[in-house]
Amino acid sequence: MSVVHIDAGPGSGSASVQTAPSGVAVASARVAPPRDGDKPYRPGGSAAPTELPPADAAFRAGAAGLHPGAARRPGLATTAPFLRACRRDQPETTPVWFMRQAGRVLPEYRALRADVPMLDSCRDPAMITEITMQPVRRFRPDAAIFFSDIVVPLVAIGLDIDIVAGVGPAVAEPVRDAAAVATLRALEPDDVPYVTQAVHSLLGELGGTPLIGFAGAPFTLASYLVEGGPSRNHLRTKALMYGEPKLWHDLLDRLAVITTAFLQVQIDAGVDAVQLFDSWAGALSEDDYRRYVAPHSARVLSAFADEVPRIHFGVNTGELLTAMGQAGADVVGVDWRVPLDEAARRIGPGRAVQGNLDPAAVFAPEPVLAAKVGDVLTRGAKAEGHVFNLGHGVLPETDPGVLAHIVDLVHAG
Ligand code: CP3
């Protein structure tokens, strides 16, 4: 077994990835040194990761009535700033993580993925673990997001979908009629054993940093399936929605069942929170969203009401924020177009907000960036709970050092 050291660049520990005889990269269990030697950042605000018991011992010891994650990391819900903010229990420092924090902005990710197709990496527990950990070592965010993709459960039930670099999902046979909808069977936990394995291994590596599981919401998944790939105007999707409403609701019902099962697998394995990505919901009017989409998303979200915090996110959703809040999540993700205080007003009481720095603000001069971060923090403080994030995913051209700086700015308040 050879050990390859990947230089993770300035300001981060170097990541050691071991290559097994099979050529598969496996992450060795280790905890990276603090990013900033002067101020050790301790996720959860209390115990450093090294002080926590090894996951497997805690898991074997078990704890009746608790899911494995709870058994492994007792007390996290009351100590981790991210989980406290999700539950509107104001932590001392605002928690921060970045959507799409794993991926192409990291050279160590590119090195690991050089010869491995995207979906193969999503089915390999060692790769999932390592890629999920890479941004955690780099940026010391308050939460990790499980490395996967929204199409993974669809591939797991047998659909022929690829992810094309620089483009996105490509569906070999788009789903546009009743026969195609009927092929969308329920997802069983055995369809995604690598997800359970990877969550277990991550809980051992993450120490006090919470792990966010995720899935695509029924509408966003439907858009990819009906269009066959990414779409600007969602024409075929809307044609089906308006033209064959019964078939549309059957399609979204089935996708809700798949999404619920995919999230349940992650929760049963021990993730600490879940995010439902309805990235393209902003293409809809509020009326259409309420009629054709919200009931299906609400059904997914309601399945986990008593389990873990639920984040509900979409882009261009300024006009949908009230409806998205009513769909039942604990936290509503907001893009950068609506200021967070106004977003919180639209979402209404009893919800935390997540967001919402413009992902392009990372390219602004530092004083402008710092002012924008400060503005998001000031407005976010007016909500009942605030998780700092970008308004959408990290852009590929982003300098990882700027993301680390944003984490420092947010923690400094
Ligand atoms: O946030 C994270 O770091 C966790 C991993 C994650 C990925 N996809 C990995 C990925 C998450 C949360 C997603 C969700 C996802 N996937 C969404 C919802 C979030 C959003 O951006 O609105 C959507 C719409 C998809 C579908 C998808 N997969 C797209 C549009 C793309 C981009 C294609 C490209 O290359 O520009 C992908 C591929 C993908 N998913 C990559 C990663 C790291 C890039 C793959 C690569 O490295 O080539």
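These numbers come from a predicted model, not from an experiment. Numbering of ligands and ligand atoms starts at 1, following listing order.
Here the protein heavy atom with the shortest distance to atom 24 (C) of ligand 1 is Tyr224 OH, 3.3 Å. Looking from atom 10 (C) of ligand 1 to the surrounding protein, the closest heavy atom is Met118 CE, 3.2 Å. Here the protein heavy atom with the shortest distance to atom 40 (N) of ligand 1 is Asp149 OD1, 2.8 Å. Among all non-hydrogen protein atoms, the one lying nearest atom 47 (O) of ligand 1 is Tyr109 OH, 2.7 Å. The shortest contact between atom 11 (C) of ligand 1 and any protein heavy atom is with Phe214 CZ, 3.5 Å. The nearest protein atom to atom 23 (C) of ligand 1, hydrogens excluded, is given as Ile150 CD1, 3.5 Å; this is a heavy-atom distance. Of all protein heavy atoms, the one lying nearest to atom 18 (C) of ligand 1 is Ser279 OG, 3.2 Å. Scanning the protein heavy atoms around atom 48 (O) of ligand 1, the nearest turns out to be Arg113 NH1, 3.8 Å.
The backbone N or O of Gly75 sits less than 3.5 Å from a side-chain atom of Thr79, completing a donor-acceptor pair. Looking at Arg379, its side chain never comes within 3.5 Å of a backbone N or O of Asp341 through a donor-acceptor pair.
Taking OG of Ser201 as the start and CG of Leu206 as the end, the distance is 8.5 Å to the nearest 0.5 Å.
Around atom NZ of Lys238, more than 12 heavy atoms belonging to other residues, nucleotides or ligands sit under 6.0 Å away. Environment of CD in Glu319: sparse, with no more than 12 heavy atoms of neighbouring residues, nucleotides or ligands closer than 6.0 Å. At most 12 non-hydrogen atoms from other residues, nucleotides or ligands lie less than 6.0 angstrom from CD of Glu173.
The closest approach between any non-hydrogen atom of Ala165 and ligand 1 is below 4.0 Å. Under the 4.0 angstrom criterion for non-hydrogen atoms, Gly166 is in contact with ligand 1.
At a 4.0 Å heavy-atom cut-off, ligand 1 does not touch Gln275 at all. Neither the backbone nor the side chain of Phe98 comes within 4.0 Å of ligand 1, counting heavy atoms alone. The backbone of Val167, and not its side chain, has at least one atom closer than 4.0 Å to an atom of ligand 1 (non-hydrogen atoms only; backbone = N, CA, C, O).
Under the 3.5 Å distance criterion, with hydrogens and angles disregarded, a donor-acceptor pair is assigned to the side chains of Gln354 and Trp97. In this model, a donor atom of one side chain and an acceptor atom of the other lie less than 3.5 Å apart for Trp280 and Tyr224. A donor-acceptor pair shorter than 3.5 Å can be found between the side chains of Gln326 and Arg290. No side-chain N or O of His386 forms a donor-acceptor pair with one of Thr94 less than 3.5 Å apart.
The heavy atom nearest to atom 41 (C) of ligand 1, out of those in Arg104, His392, Arg100, is found in Arg100. One option in Ser148, Gly168, Pro169 has a heavy atom closer to atom 26 (C) of ligand 1 than any other, and that option is Pro169.
Applying the 4.0 Å criterion to heavy atoms of Ile145 picks out, from ligand 1, the atoms 1 (O), 2 (C), 3 (O), 4 (C), 12 (C). For ligand 1, the atoms sitting less than 4.0 Å from at least one non-hydrogen atom of Phe146 are 4 (C), numbered in the order shown with element in parentheses.
Just one of Val353, Val407, Val410 meets the side chain to side chain contact (heavy atoms under 4.5 Å, CB included) condition when paired with Phe388; it is Val410.
Ligand 1 has a nitrogen or oxygen under 3.5 angstrom from a nitrogen or oxygen of Ala102.
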